[in-house]
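Notes to accompany the following structure.
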Amino acid sequence: MLDLKFIRENPELVKTGAANKNEKCDIDLILKLDGERRDIIHKVEQLKGERNKASGEIAKKKKAGESADAEIAAMRQVGEQIAGLDNDLREVDGKLHEALTWVPNLPHESAPVGKDEAANKVVREWGEKPKQDFKVLPHWEIGEKLDLLDLPAATALSGNGFYVLKGAGAQLHRALINYMLDMHTSDGFQEFNVPHIVSGETMFGTGQLPKLADDMYRIESDDLYLIPTGEVPLTNLFKNRILELDELPVNIVAYTPCFRREAGAAGKDTRGMLRVHQFHKVELVKIVRPEDSYNELENLVAQCEKVLQGLELPYRVSELATGDLSFAAAKCYDLELWAPGVGSYLEISSVSNFESFQARRMKCRFRNADKKMEHPHTLNGSGLALARLIPAIVENYQNADGTITVPSVLRPYMKGAEKIS
RNA sequence: GGAGAGGUGGCCGAGUGGUUGAAGGCGCACGCCUGGAAAGUGUGUAUAGGCAACCCCUAUCCAGGGUUCGAAUCCCUGCCUCUCCGCCA
């Protein structure tokens with residue numbers, strides 16, 4: 001959420017920022033409601049002040065045994081006026097809050113302006129594509145051949161958009177989780193295990209609600225949501241919290257499943273494991289002092305890249321254009337992995353700085369050096385998404401004889417296995 | 001799921017209709033005291049909103065309604081916590 005005062009003082013800036021993100025929100029309505037709200041507050045507070053004063057006098061008179069009937073009668077009138085104004089205020093406040101929840105975070109000035117992903121900028125590439133002078137099978141073919149992946153079984157269980165890993169495939173999945181968690185915790189991230197079902201308030205905190213309501217699974221019987229990313233519970237761990245300065249920065253990590261309805265995504269990257277309703281992810285979250293957040297964004301990208309470097313997988317990093325930024329993000333880097341079987345880059349991580357947008361929504365603050373309350377900046381990055389990592393590994397590490405070499409960093413987690421055959 | 005108890009400031013804990021934003025204590029900050037420290041002592045110590053304003057005003061004692069001239073205090077609803085029973089990985 002943006003600060004109302006900021007919107008009031010910079011309406012054009014907000015309009016431009018939202019437009020650059022292709023977001024629709026009614027800033028003029030907000031300004032109008034804000035004006036109405038302050039008018040009402042002004043009036044009602046004056047009346048409440050009067051009433052408070054009179055109340056004291058009534059109390060005094062009653063104690064002294066005098067009659068206060070005249071004052072009480074007068075205050076009854078004032079009370080009615082107050083009730084009326086309070087009602088108006090509640091209504092305006094409700095509308096204002098609703099409008100405010102639809103205002104996206106503004107893109108950072110360094111984010112390339114552009115209306116969609118075509119305007120994203122590749123900032124660097126790492127590693128070399130493996131030399132494979134044979135036809136590299138896409139993961140769904142090699143996965144089936146080596147009995148690692150059973151897509152029909154998943155369909156039978158849950159319908160379209162799920163996968164079943166078996167044998168060495170499932171083992172590889174678990175190895176990756178352990179490898180990643182071990183790396184991140186060694187680098188100072190504290191590990192958490194968190195709920196995968198959360199409340200609407202929690203979903204609001206990180207900005208999934210209201211905008212992404214249709215993209216999430218909702219449990220109607222209990223009015224709860226399945227998390228679309230570990231970011232949600234992990235960041236909201238700090239909902240309604242007041243942090244002391246020395247508690248920052250917060251560096252945390254968790255392994256969680258992610259559930260996404262992918263409504264409207266039919267037909268895009270639907271083969272194999274690439275776009276599914278449930279996948280798993282190791283997620284990193286940072287909560288930092290505002291002045292550090294852009295520096296920390298670079299640290300976080302580096303942390304996610306470290307996983308890929310350890311796995312020796314070629315990737316590229318791109319900076320998202322304003323139009324491709326998510327609702328809550330001010331700046332975002334995507335990590336994309338080359339997948340030779342599929343023949344394209346796969347988005348495997350997205351690392352974002354939300355500045356104070358999420359902190360304001362979830363009412364997380366810290367006491368700064370001047371003992372003043374301030375909203376910290378929140379960041380997160382996938383480190384990494386398993387359902388894209390596994391395809392990349394089985395394709396990049398595929399050998400001419402149809403076997404798959406196990407990346408050396410994973411062997412200790414795979415009982416020493418060097419190959420999957 | 002059944003029965004009961006309870007939710008007050010950073011923490012503990014008073015308070016059942018009238019200067020209570022809230023006694024008292026702890027903690028914390030600053031000062032005094034001290035050679036230095038402890039003890040002692042004094043002062044201060046919430047957040048948000050209105051406003052040009054750190055003056056002032058308003059709101060906030062889990063949340064939302066209600067009763068009343070006036071609610072932390074009374075009534076209703078919801079949420080959460082604890083205890084006992086049941087169930088269970």
Side-chain angles (χ1 to χ4, degrees), chain A residues 1-10 30-101 193-205 209 218-225 233 236-248 250 257 356-357 359-376:
Chain A
M1 208 145 58
L2 293 182
D3 185 11
L4 180 56
K5 206 175 277 178
F6 179 84
I7 296 176
R8 191 187 298 151
E9 287 163 8
N10 306 280
I30 288 172
L31 294 176
K32 176 174 158 268
L33 291 170
D34 176 47
E36 283 175 23
R37 174 176 166 273
R38 286 190 293 161
D39 272 355
I40 298 171
I41 285 177
H42 194 76
K43 281 184 204 149
V44 80
E45 287 195 349
Q46 211 161 344
L47 289 174
K48 282 182 180 175
E50 249 175 68
R51 183 177 70 183
N52 286 347
K53 227 185 251 174
S55 265
E57 274 155 33
I58 291 169
K60 243 182 246 170
K61 280 202 170 184
K62 289 218 163 183
K63 249 183 199 159
E66 294 169 34
S67 159
D69 293 351
E71 285 84 349
I72 289 177
M75 282 308 110
R76 185 169 292 150
Q77 280 239 309
V78 172
E80 273 163 28
Q81 282 184 57
I82 290 175
L85 288 170
D86 267 344
N87 261 335
D88 296 348
L89 183 60
R90 202 172 308 139
E91 203 176 304
V92 171
D93 240 351
K95 283 187 198 162
L96 179 60
H97 184 77
E98 162 71 14
L100 224 37
T101 63
N193 187 284
V194 292
H196 306 149
I197 300 175
V198 302
S199 66
E201 182 188 281
T202 298
M203 284 299 180
F204 179 81
L209 284 180
R218 171 156 170 252
I219 300 169
E220 203 137 345
S221 56
D222 299 279
D223 197 18
L224 293 167
Y225 296 84
N236 276 290
L237 242 18
F238 296 86
K239 174 159 64 86
N240 294 322
R241 285 268 303 270
I242 296 172
L243 296 161
E244 291 306 324
L245 191 58
D246 62 10
E247 291 179 80
L248 300 178
V250 167
S356 58
F357 190 82
R360 191 169 291 110
R361 279 172 106 87
M362 62 180 188
K363 298 191 173 68
C364 170
R365 291 165 301 171
F366 74 102
R367 233 177 275 279
N368 66 20
D370 300 327
K371 301 281 175 203
K372 292 263 196 286
M373 289 295 190
E374 202 177 335
H375 294 290

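Proteins come first, then strands; the chains are lettered A, B, ... in the order of their sequence lines, and each starts at number 1.
B/A89 is unpaired under the criterion used here, namely a Watson-Crick or G-U wobble arrangement in which both key atom distances are under 3.5 Å. Searching all strands for a Watson-Crick or G-U wobble partner of B/C61 with both distances below 3.5 Å returns nothing. Base pairing analysis places B/U43 opposite B/A29; the two distances defining the Watson-Crick or G-U wobble pair are each below 3.5 Å. Pairing for B/G35 is absent, with no Watson-Crick or G-U wobble pair whose two atom distances lie under 3.5 Å. In this entry B/U83 has B/A3 as its Watson-Crick or G-U wobble partner, both defining distances falling under 3.5 Å. Of all nucleotides present, only B/C69 satisfies the Watson-Crick or G-U wobble test against B/G18, with each distance under 3.5 Å.
Rounded to an integer number of Å, the gap from A/Glu201 CD to B/C79 P is 14 Å. In this structure, A/Met373 places its CE atom 15 Å from P of B/U45, rounding to the nearest Å. Per the geometry, CG belonging to A/Asp246 stands 14 Å off C1' belonging to B/G10, to the nearest Å. Between the NZ atom of A/Lys239 and the C1' atom of B/C79 there is a distance of 12 Å, given to the nearest Å. Distance A/Ile242 CD1 to B/U47 P: 7 Å, rounded to the nearest Å. The interatomic distance linking A/Arg38 (CZ) with B/C51 (C1') rounds to 10 Å, in whole Å. Spacing between atom CZ of A/Arg365 and atom P of B/A46 amounts to 14 Å, rounded to whole angstrom units. A straight line from CD of A/Gln46 to C1' of B/C56 spans 12 Å, rounded to a whole angstrom.
B/C11 and B/U47 have their P atoms separated by 13 Å, given to the nearest Å. With C1' as the reference atom, B/U73 and B/C61 are 10 Å apart, rounded to whole Å. Of the P atoms belonging to B/U81 and B/G44, the separation is 39 Å, rounded to the nearest Å. For the C1' atom pair drawn from B/G18 and B/A37, the interatomic distance equals 49 Å after rounding to whole Å. Remark: the separation of the P atoms in B/A22 and B/U60 is 14 Å, to the nearest Å. When the P atom is compared between B/U83 and B/G78, the two are found 23 Å apart, to the nearest whole Å. Across B/U43 and B/C51, the matching C1' atoms stand 30 Å from one another, rounded to whole Å. The same atom, C1', is picked in B/A71 and in B/U8; the two are 14 Å apart, to the nearest Å.
Side-chain atoms of A/Arg360 come within 3.5 Å of backbone N or O of A/Met1 as a donor-acceptor pair. Here the side chain of A/His375 pairs no donor or acceptor atom with the backbone of A/Lys363 at under 3.5 angstrom. Under a 3.5 Å cut-off, the side chain of A/Asn236 and the backbone N or O of A/Thr202 do form a donor-acceptor pair.
A side chain to side chain donor-acceptor pair (under 3.5 Å) with A/Arg90 is found for exactly one of A/Asn87, A/Asp88, A/Asp93, namely A/Asn87.
Using a 4.0 Å heavy-atom criterion, one finds that A/Gly56 contacts no nucleic acid atom at all. Nucleic acid contact for A/Arg8: sugar-phosphate only, since backbone atoms but no base atoms lie under 4.0 Å from a heavy atom of the residue.
Look at A/Glu80 and A/Arg76 and you find no salt bridge, because none of the NZ, NE, NH1 or NH2 atoms lies under 4.0 Å from a carboxylate O. Between A/Lys60 and A/Glu71 there is no salt bridge, since none of the side-chain N atoms of the basic residue sits less than 4.0 Å from a carboxylate O of the acidic one. Electrostatic pairing of A/Arg218 and A/Asp223 counts as a salt bridge here, judged by a charged N lying under 4.0 Å from a carboxylate O. Salt-bridge formation is detected for the pair A/Arg38/A/Asp34: a Lys NZ or Arg NE/NH1/NH2 atom is positioned less than 4.0 Å from an Asp or Glu carboxylate oxygen.
Between A/Ile41 and A/Lys60, it is A/Lys60 whose nearest contact on RNA chain B lies nearer the 5' terminus. Of the two residues contacting RNA chain B, namely A/Ala59 and A/Leu4, the nearest-nucleotide position lying further toward the 5' end is that of A/Ala59.
Phosphate contact (OP1/OP2 of B/U47, side-chain N/O of A/Arg367, threshold under 4.0 Å): present.
Across A/Leu209 and A/Phe204, no two heavy atoms sit closer than the pair O-CD1, 3.5 Å.
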Notebook entry, point to check: Could you run down nucleotides 59-72 of chain B 5' to 3' and tag each one B, S or - for protein heavy-atom contact under 4.0 Å?
Noted result: S-----S---BS--
